[in-house]
Amino acid sequence: MNIGLVAKGVSNLDGVTPMYLWRMRDYTYEVESKACGVSAVELYEDTPYEVAIKKFKNMVDKVVLV
């Protein structure tokens, strides 16, 4: 898997905020949300792909794999 955007979706909290799952390097993923021009980031280190995507799926309504 290449470094870069893995998946995207919309927050299941408000149904509006775009969220992105980025692969930063091996076993390191970042969830980014952008609301009102401000980005919030949550970093997952030493995390396998399966765990990162599961956590992301719990945050968004519909996951779109990129």
Side-chain angles (χ1 to χ4, degrees):
M1 182 185 297
N2 293 330
I3 293 174
L5 185 62
V6 175
K8 59 185 178 178
V10 177
S11 171
N12 60 15
L13 295 177
D14 63 10
V16 178
T17 303
M19 297 183 74
Y20 306 92
L21 177 64
W22 296 93
R23 182 173 187 263
M24 307 309 287
R25 57 188 165 276
D26 287 344
Y27 297 99
T28 303
Y29 295 88
E30 179 179 280
V31 173
E32 177 185 25
S33 59
K34 293 184 176 185
C36 301
V38 177
S39 288
V41 172
E42 187 171 343
L43 187 64
Y44 300 126
E45 295 182 294
D46 298 321
T47 304
Y49 170 81
E50 295 80 12
V51 174
I53 198 76
K54 184 177 180 180
K55 289 181 179 192
F56 187 70
K57 284 180 178 180
N58 288 332
M59 296 178 186
V60 299
D61 281 333
K62 181 181 171 190
V63 173
V64 178
L65 298 176
V66 179

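- Taking 4.5 Å as the limit, some side-chain heavy atom of T28 sits within range of a side-chain heavy atom of L43.
- Here CD of E32 is found 12.0 Å from OG1 of T17. Values are rounded to the nearest 0.5 Å.
- Contact detail for P48 and D46: the closest heavy-atom pair is CD-O, 4.0 Å.
- The minimum heavy-atom distance between Y29 and T47, with the atom names listed, is CE1-O, 3.3 Å.
- Both Y44 and Y49 sit in one connected hydrophobic cluster of ILVMFWY residues. Membership requires side-chain heavy atoms under 4.5 Å apart, directly or through other members.
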Counting only pairs under 3.5 Å, give me each side-chain donor-acceptor contact of residues 55-66, with atom names and distances, residues two or more places apart or in other chains.
{"residue": "N58", "atom": "ND2", "partner": "K54", "partner atom": "O", "Å": "3.4"}

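- E30 pairs in a side-chain contact (heavy atoms from CB on, under 4.5 Å) with only one of the listed residues (M24, E42, E45, R23), which is M24.
- Rounding to the nearest 0.5 angstrom, the gap separating the OH atom in Y20 from the NZ atom in K34 is 5.5 Å.
- Under the 4.5 Å side-chain contact rule for hydrophobic residues, Y27 and V31 do not share a cluster.
- Here the OG atom belonging to S39 is positioned 11.0 Å from the CE atom belonging to M19, to the nearest 0.5 angstrom.
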